[in-house]
Amino acid sequence: MGPAPAGATGESEVMEPILESIGKGGKKASSKKRTVAGSPVEGLLQPVKLSRAELYKEPTSEELNRLRETESLFHSSLLRLQVEELLKEVRLSEKKKERIDTFLQEVKQRILRVPSTPETELMDQAWLPAGVRVPIHQVPFTVKGCFRFLPPVQVTIVGSYLLGTCIRPDINVDLALTMPREILQDKDGLNQRYFRKRALYLAHMAHYLAQDPLFGSVRFSYSNGCHLKPSLLLRPHGKDERLVTVRLHPCPPPEFFRLCRLLPTKNNVRSAWYRGQSPPGDGSPEPPTPHYNTWVLQDTVLESHVQLLSAALGSAPGLKDGVCLLKVWLRQRELDKGLGGFSGFLATMLVTFLTSTRKIHTTMSGYQVLRSVLQFLATTDLTVSGISSCLSSDPSLPALADFHQAFPVVFLDFSGHLNLCADVTASTYHQVQHEARLSMTLLDSKTDDGFQLLLMTPKPMVRTFDHILHLRPLSRLQTACHRLKLWPELQDHGGDYVSAALGPLITLLEQGLGSRLQLLGHSRPPVPEWGIHQDPPKHRDSGALTLGLLLRPEGLTSVLEMGPEADQSEAAVFRQLWGSRSELRRFQDGAIREAVVWEAASVAQKRLIPQQVVTHLLALHADIPDTCVHYVGGFLDALIQGPKETSSTGEEALAATVRCYDDLSRLLWGLEDLPLTVSAVQGVHPVLRYTEVFPPLPAWPAYSFYERLREQASLAPRPDKPCPAYVEPMTVVCHLEGSGQWPQDVEAVRRVRAAFQLRLAELLTQKHGLRCQATATHTDVLKDGFVFRVRVAYQREPQILRETRSPEGVMSLRDTPASRRLERDTKQLPLLTSALHGLQQQHPAFSGVARLAKRWVRAQLLGESFSDESLDLVAAALFLHPEPFSPPSSPQVGFLRFLCLVSTFDWKNNPLIVNLNNELTVEEQVEIRSGFLAARTQLPVMVITTPQDRKSSVWTQDGPSAQILQQLVILAAEALPILEKQLMDPWGPGDIRTVFRPPLDMYDVLIHLSPRHIPRHRQAVDSPAASFCRGLFADPRPSPLMPVLGYDPPQLYLAQLREAFGELALFFYDQHGGEVIGVLWKPTSFQPQPFKASSTKGRMVMSQGGELMMVPNVEAILEDFAVLGEGLVQTVEPRSERWTV
Amino acid sequence: MVARRRKREAREAEEKLPSPPGYSAIPIKFSEKQQACHYLYVKEHSVREGTKSTWPQKRTLFVLNVPPYCTEECLSRLLSPCGAVQSVELQEKPDLVENLKEPPSKFFHPKPVPGFRVAYVVFQKPGGVLAASTLKGPLLVSTESHRVKTGIHKWISEYTDSVLDPEALRAEVDTFMEAYDKKIAEEVAKAEEEEGVPDEEGWVKVTRRGRRPVLPRTEAASLRVLEKEKRKRARKELLNFYAWQHRETKMEHLAQLRKKFEEDKQRIELLRAQRKFRPY
């Protein structure tokens, strides 16, 4: 089941805010005590109980019909219900429709009553009243012709309102005003004359309508973002202001323009007029103006379109449903808005086209219509093979090829003259196709809740694309247009340099990014609104042009752009593209080729090669300096870079550690003198699955800094020095073969294992000269500066721990905490580690995402409530179940989706299924879900299932508690919009660490620690400018002594605090260099309690109203905080008086 | 907070410290520097009639709420003014049985992190118990002469102690295994001796070791047998053979659909309640 929509974040009615409820019944117990059997908890699904009679009663024919229909028309009954609910939600209610209809009647009357004006020259606009400005840029101003205002001859409702396919919110009703023939003259189609008249017509009308009290607001906007075609927006007065927006579109009388003048090959904007030059005498033909022609054409067909559509959709409710669903689908993907968007109108036309070609039948359900349209979009590339709804085979009609020449995307309407997709860029269409393909695979897979992911999950740009790139200021594109020699396009677009430059720029970047790129999307400039007394907004006012890059992970590994061989003709093209960056290189196979080499040493830098490509190409070809390009791709890298590291995000260090581990495992395999042979060596530490936030660095201790324990040949910390560097041993499980020689008694097995640990240490020292140190449970091995903790394991030991003998002597197997722990550590953890290791090989961004996610959770001081493995699995889910997105290829987008998943996933009613290695079939997943519902109350609050762990959710057994999880959900829901806003801000992200700083105001007590004794002080989110020497050399030198292992005073301190005061308070700490421990009192423990010998811990007796009650001895406890952490604790700062009872 | 403390101090001065019935309170704090005290609640160890306790009657003092930094030695030193202390035992929770076994191996049972605990203090003479109940205090855990390590110093010394000598471990393992092997050998010998020998009533115990081994007596084995039986029966059964069987299968399918439909309806109901059908 996918993430729930954004509305889910405000579920405060079902989970109490953390402050009131934290600590209810303790951390561990709370998950199990959450529900009392029998009483249904609000917002929790209960297993359905139907009586036998209800289940097996005779079916009615109606019921049978419905069931049959569901099976044939919809995917499942759930989907059917969901679609019905959604349509109910977005459809306009009958009541509102009535209100809108009466409003429309009024509007019509008002419009027809606007007075006429005497005829004047077009350029003489002095007659316009003072309070209104012409809603069009009149560049150049000089234009021939006369204008007078006459009321429209006809006012018709066009568009989706009439068809009943308009969706909430933002209800728009389009009114077409047919201008009288007297206003227009011959040749008005030329040189923007028609558009100027249209604008003046609206301006005059606006002036009169603005005085009418019926309207709450009268404003201008561009219809479909085309800045030559303003439209007038009318909204009702008073409380109905948000009910509806009526848009007025003036249009010419029917058959006023001759269609042959408006073919895509014709010119209707003369260069002489537009550029103010005399025509070039050499007789070179005028450039065609296809977009201009289309805009004129659009106005002529408004009415005929609506007739056609109502004929096609009129009697088929399924088609209307389908159109509504398509509109929702497009809107969730932000594809329908702005100039050149794939609008709802286009979707409607596509549905009619498919109906006419019999791909869709009128009896189909809305879901089937959606599916068919998506199927069509996914498989048809309109940029290559355009389609036409025109059925006639008239030879006078223009050829499709002409349209392909003029427009990137071709979809002709029934007349065969108008390209409906004229403004849609190739890149937008490719994005639509990409989305359709993703959606189709999702629908075909049948595993997830397609409805949620398809129609309810928003896909904002920042969360969809791996990297984002802002071009600002937009005025820079004007120079780019000149540099790219785009004068004909400017002439065609009437000076809109953003649209004119967009296409060529995108083509250029696509060419340059080549194999690194999967998809390049761009934001569509939003359609502005402005008051009637204002000038229309300038092109540069729409902020920034934002491009999104969806990267191809396999293309990101190479630093080389290989060109053609030097003597081939393509070499010149290659050199032209790359300019001075292209150089001749001789390759190993002897070929001499043109090539471009980018500088990138680490994986992190390689991920950012697209930035180098983009800035280079834009500067070279479009004259856009890198100061105008704001590339958002690696801002979050800083948070997973090691201290004093700037170029790498740790992937290299992790790989080095894994290599060292591989060497060690080879040594272990090769040990011959062990009494039993090694049957498996498996890593279990997070480093060995690439998810440790800060990878370990080889430790070369400086002896003078330490106490030397001569007998054991190891080092120990010294009280007079700062805490030494933190060296964490990496655990490796080493399975020994089974044998009859193993004892069958728990204690004896432990002794034998200890003997093996000793023997292992001995052998590794003797044979390979490694410094080893054996204890009863593990052997620490020092290799190349890394320390590995080898644990010997015996396959049958969990089995032995489980055995219990009943009084009758029957042996049975029962899970015990010890057996579960052992099984988890020696069986499940190695499996998980190897599966995630494999995932990293498939998706190189996994490491970065998992580490950023973990870093964030820990920085919020919640890290200790979540096991490492559970967070790794959540990160893995982003890659294995990315729907409706594609798997992330950059840590940035992965982290955003992590926040989104955490904040919107309905943990109460769904298990998070992480299908590692794709082992679970659809049926098994269904089974897991139903099993989950039945056992919900016994399961932990957060349930993560994997193929290896289908029932118990081992990694979340010990936490988080419901309150902690809820706190994480709240924090993630807060962090996501902040971070997205920062990243989408074209002028820079500001302080990217903002969302990583924890809120401290909720804690009752803060314990400030001394940095001197925090070994990982430098890893802090705000890395300290100076810290202490930790007794390490920077360069390798052989060391015969074992460094100090796992010595972390804050952790030792926390363990003591939790043991002593765990009943009274919760303790929160960021293990990565946190300087503060947050303490939260548990309100329930602060209730005065009667005396009980078993619960006196840290409490004292007070007499309250003559009765002796136990209350926590807060003053003494606060002082204990300081006593227990002597040397480590700087101050204990009580911040609230909440405990006073 | 300050006001409250002052008020309490004033009250403490004039009256006896409040303590639960039967107990008396002794203030205890870490050192001179601390302002506030924890309170030890002590009483003579006594048990109800009929319950067995291994602690010596009359001479044992039961102490509640011992702070984490207070060790056995420390408690012994603090209570010695009341009379010679024979032994002190700190425990997680009250336990009537004295832990007489030898201390667990430090290799296999590392010391747990201490929290607040209870203590059984055995005095050499019964007088000590009485004297302890009237002790005034406040007791100081750490003084000039007897410094108790906490914080960094404690952790460093613990770290040093945790680095153990492998040779000692080897010796311990060897002794344990020797004893274990001996025990197993004895068991085997005994079993062999009893093999096939009838007991007083003439029953012969059949074991896996005998000449004709039997199924092991485990749950898994019996489940396996049952499973096998079930499969055998299922093989023989005919499916959809009779008309009524056919009808039932159909009805079963319908019931499944109905159940699914109900489940879906519930899901939708929930989502609607949470307003999850607002797409944006």
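A note on names: the letters A, B, ... follow the listed sequences, proteins ahead of strands, and every chain is numbered from 1.
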Looking only at non-hydrogen atoms, find the nearest pair between [X] and [Y] and report the distance.
{"X": "Glu1119(A)", "Y": "Ala36(B)", "value": "OE1-N, 2.8 Å"}
{"X": "Ser714(A)", "Y": "Val163(B)", "value": "OG-CG1, 3.5 Å"}
{"X": "Ile152(B)", "Y": "Pro1049(A)", "value": "CD1-CB, 4.0 Å"}
{"X": "Thr775(A)", "Y": "Leu169(B)", "value": "C-CD2, 3.7 Å"}

Distance check, rounded to the nearest 0.5 Å: [X] atom [atom1] versus [Y] atom [atom2]?
{"X": "Ile184(B)", "Y": "Gln744(A)", "atom1": "CD1", "atom2": "CD", "value": "9.0 Å"}
{"X": "Gln266(B)", "Y": "Leu81(A)", "atom1": "CD", "atom2": "CG", "value": "12.5 Å"}
{"X": "Met177(B)", "Y": "Arg751(A)", "atom1": "CE", "atom2": "CZ", "value": "9.0 Å"}

Counting only non-hydrogen atoms closer than 4.5 Å, does [X] touch chain A with its backbone (N, CA, C, O), its side chain (CB onward), both, or neither?
{"X": "Pro166(B)", "value": "both"}
{"X": "Glu167(B)", "value": "neither"}
{"X": "Glu269(B)", "value": "neither"}
{"X": "Phe176(B)", "value": "side chain"}
{"X": "Phe108(B)", "value": "both"}
{"X": "His153(B)", "value": "side chain"}
{"X": "Leu164(B)", "value": "backbone"}

With the side chain counted from C-beta on, respond yes when [X] and [Y] share a heavy-atom pair under 4.5 Å apart, and no when they do not.
{"X": "Ile268(B)", "Y": "Glu85(A)", "result": "yes"}
{"X": "Ile156(B)", "Y": "Arg718(A)", "result": "no"}
{"X": "Asp264(B)", "Y": "Gln82(A)", "result": "no"}
{"X": "His38(B)", "Y": "Met1100(A)", "result": "no"}
{"X": "Val1101(A)", "Y": "Tyr23(B)", "result": "no"}
{"X": "Leu64(B)", "Y": "Phe1091(A)", "result": "yes"}
{"X": "Gln1056(A)", "Y": "Trp155(B)", "result": "yes"}

Contact winner vs chain A - [options], heavy-atom pairs under 4.5 Å:
{"options": "Thr160(B), Asn65(B), Val173(B)", "answer": "Asn65(B)"}
{"options": "Pro114(B), Ser157(B), Pro68(B), Ala255(B)", "answer": "Ala255(B)"}
{"options": "Glu252(B), Lys265(B), Glu172(B)", "answer": "Glu252(B)"}
{"options": "Pro67(B), Gly151(B), Ser142(B)", "answer": "Gly151(B)"}
{"options": "Tyr159(B), Tyr180(B), Phe261(B), Phe30(B)", "answer": "Tyr159(B)"}

Original post:
Which pairs count as salt bridge (Lys or Arg N to Asp or Glu O under 4.0 Å) when at least one residue sits in residues 20-43 of chain B, sequence neighbours excluded?
Top reply: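 Every pair satisfying salt bridge (Lys or Arg N to Asp or Glu O under 4.0 Å) with a residue in residues 20-43 of chain B: there are none.
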Subject >> Cationic N near anionic O, under 4.0 Å, Glu762(A) to Arg170(B) >> reply: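 Yes, this pair counts.
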Original post:
chain B heavy atoms under 4.5 Å from Leu813(A): which part of the residue, side chain, backbone, both or neither?
Top reply: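 Looking at Leu813(A), just its backbone touches chain B.
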Original post:
Under a 4.5 Å heavy-atom cut-off, does chain B meet the side chain of Leu709(A), its backbone, both or neither?
Top reply: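 Just the side chain, heavy atoms under 4.5 Å.
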**OP:** Please list, chain by chain and in numerical order, all residues satisfying side chain to side chain donor-acceptor pair (under 3.5 Å) with Tyr69(B), sequence neighbours excluded.
**Re:**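 Partners of Tyr69(B) under the side chain to side chain donor-acceptor pair (under 3.5 Å) test: Asp1120(A).
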**OP:** Please say whether more than 12 non-hydrogen atoms of neighbouring residues, nucleotides or ligands are located less than 6.0 Å from CD in Glu334(A).
**Re:**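 Above 12, so yes.
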**OP:** Heavy atoms only, distances under 4.5 angstrom: which of Val328(A), Leu86(A), Leu1108(A), Leu1052(A) has the most pairs with chain B? Name it, please.
**Re:**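 Among the listed options, the one with the most contacts to chain B is Leu1052(A).
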Subject >> Check: Val1123(A) main-chain N/O paired with Thr150(B) side-chain donor or acceptor under 3.5 Å >> reply: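 Checked: pair present.
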